[in-house]
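Naming: A, B, ... by sequence-line order, numbering from 1 per chain.
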2 protein chains.
Amino acid sequence: MKPRHIHRSEDCRAVSEILQRVGDKWTVLVVGKLGKGRMRFSELRTAVGGISQKMLTTTLRGLERDGFVTRTQYPTIPPRVEYELTDLGFELLKPVHALGEWARKNTARVNEARRKFDAACPEGRSGSHF
Amino acid sequence: MKPRHIHRSEDCRAVSEILQRVGDKWTVLVVGKLGKGRMRFSELRTAVGGISQKMLTTTLRGLERDGFVTRTQYPTIPPRVEYELTDLGFELLKPVHALGEWARKNTARVNEARRKFDAACPEGRSGSHF
DNA sequence: CTGGATCCTCACTGATACTG
DNA sequence: CAGTATCAGTGAGGATCCAG
């Protein structure tokens, strides 16, 4: 193993890995909702909106596996399952919120940049097929 | 336009969008490298390592479009193109670095959680398939 | 109500070849 | 050296059906 004094490429990989976990289509939205308190499966599904049952299950599974949420199942009829952020989950929420704040502040700038870019290259380098 | 007084679902979407942009396979790595200074295409390709020329081009295009990097082309032979982070790019780097720091600190915890989870579900809950 | 199993689609990714 | 075009493989995401 490499000594501890350098954290260049390897760290970037780690960052990339975390970002890909957090950066998939639904994870942030789910974690965000759960940040407000424990929720049931259906609650979550409604709250997030637009997520399929499969994706919610998959996402929750991933989060559970990584130790970000806990799954509590009540042996009732009908079944009742609640999900809640762990401490680790809440800690993850902090830097994610920071990024979220950044996103809120700079969405306009990004959109503006996109608009300009798109306006500058309507049929520019990539041969449009359409 | 949208009123900007309340930030609930819409913001989560914005966060998700940013995270997906930043969370793809190469963006963070490229931005991380560029954070150290302007670089040429090939330099970047070598520095990142493992990225195909197509993906590097695609990634850089996306970043350029979103206003995170500038592309400077020198009309020489052979061609020389340099990429550099914009102010917006550098600002994006801050929260991303924060998340990166978090990742560095908590990778062990996540891996531990995964290990436990996987140990608890060696062959899953489903069982047979046919 | 919760969520597993299946099938399907298409966008992302990469290897290769070609241009300027 | 920088970048585009094309083709093909893979897997994430979604719809649906079914079971506990």
Side-chain angles (χ1 to χ4, degrees), chain A residues 16-17 19-30 33-34 38-65 69-84 117 121 123-130, chain B residues 13 16-17 19-30 33-34 38-65 69-84 121 123-130:
Chain A
S16 187
E17 189 181 332
L19 276 167
Q20 280 179 74
R21 170 125 318 313
V22 167
D24 69 20
K25 197 170 180 179
W26 301 109
T27 297
V28 195
L29 302 175
V30 170
K33 295 298 178 184
L34 283 176
R38 48 165 42 193
M39 295 180 80
R40 302 183 51 173
F41 187 86
S42 305
E43 262 183 310
L44 215 37
R45 186 147 146 59
T46 305
V48 171
I51 188 173
S52 67
Q53 164 271 321
K54 175 186 171 181
M55 279 303 105
L56 182 53
T57 300
T58 304
T59 302
L60 286 169
R61 283 297 198 122
L63 288 171
E64 190 190 356
R65 187 171 105 99
V69 307
T70 55
R71 194 182 100 112
T72 311
Q73 179 170 355
Y74 300 92
T76 59
I77 303 288
R80 175 190 183 88
V81 181
E82 291 190 340
Y83 294 90
E84 191 175 15
F117 186 89
C121 299
E123 73 285 340
R125 319 167 184 184
S126 53
S128 331
H129 47 330
F130 165 42
Chain B
R13 301 289 172 178
S16 187
E17 190 180 332
L19 276 166
Q20 280 179 75
R21 172 123 317 321
V22 166
D24 68 19
K25 196 171 181 180
W26 301 109
T27 296
V28 193
L29 302 175
V30 170
K33 295 297 178 187
L34 284 176
R38 48 164 43 192
M39 297 179 79
R40 303 182 52 172
F41 187 86
S42 306
E43 259 182 312
L44 214 38
R45 187 148 147 58
T46 305
V48 172
I51 189 174
S52 68
Q53 134 284 133
K54 175 185 174 181
M55 279 302 106
L56 182 52
T57 300
T58 303
T59 302
L60 285 169
R61 282 292 208 116
L63 289 171
E64 189 191 356
R65 187 171 107 99
V69 307
T70 55
R71 194 184 100 112
T72 312
Q73 180 170 355
Y74 300 92
T76 60
I77 303 288
R80 175 189 185 88
V81 180
E82 290 189 339
Y83 293 90
E84 189 174 18
C121 298
E123 74 282 342
R125 312 168 182 184
S126 50
S128 52
H129 46 338
F130 193 86

Closest nucleotide among D/dG3, C/dG14, D/dG13 to the A/Lys25 side chain: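 Closest nucleotide to the A/Lys25 side chain: D/dG13.
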
Can you tell which of C/dC1, C/dT13, D/dG3 lies closest to the side chain of A/Pro78?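 Looking only at heavy atoms from C-beta outward on A/Pro78, the closest nucleotide is C/dC1.
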
Tell me: [atom1] of [X] to [atom2] of [N], nearest whole Å?
X: A/Glu43; N: C/dC1; atom1: CD; atom2: C1'; result: 12 Å
X: B/Phe41; N: C/dT19; atom1: CZ; atom2: P; result: 18 Å
X: A/Asp24; N: C/dC12; atom1: CG; atom2: P; result: 14 Å
X: A/Leu56; N: D/dA12; atom1: CG; atom2: P; result: 17 Å
X: B/Ile77; N: C/dT19; atom1: CD1; atom2: P; result: 17 Å
X: A/Met55; N: C/dA5; atom1: CE; atom2: P; result: 14 Å
X: A/Arg21; N: D/dA12; atom1: CZ; atom2: C1'; result: 13 Å
X: B/Gln73; N: C/dG20; atom1: CD; atom2: P; result: 14 Å

Please write out the pairs of protein N or O atoms and N or O atoms of nucleotides 15-20 of chain D separated by less than 3.5 Å, giving the distance to one decimal.
| unit_1 | atom_1 | unit_2 | atom_2 | d |
| --- | --- | --- | --- | --- |
| D/dT16 | O4 | A/Gln53 | OE1 | 3.4 |

Kindly write out the residues that satisfy salt bridge (charged side-chain N to carboxylate O under 4.0 Å, His left out) with [X], not counting sequence neighbours, or none if the list is empty.
X: B/Glu84; value: B/Arg38
X: A/Arg40; value: none
X: B/Arg65; value: A/Asp118
X: A/Glu17; value: B/Arg114

So, B/Arg71 side chain and B/Val81 main chain: donor-acceptor pair closer than 3.5 Å or not?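 No.
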
B/Thr59: side-chain hydrogen bond (donor to acceptor under 3.5 Å, both in side chains) partners, not counting sequence neighbours: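 Result, side-chain hydrogen bond (donor to acceptor under 3.5 Å, both in side chains) vs B/Thr59: none returned.
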
Looking at A/Arg61, I'd like to know whether one of its side-chain N or O atoms comes within less than 4.0 Å of OP1 or OP2 on C/dG4.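 Yes, within the criterion.
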
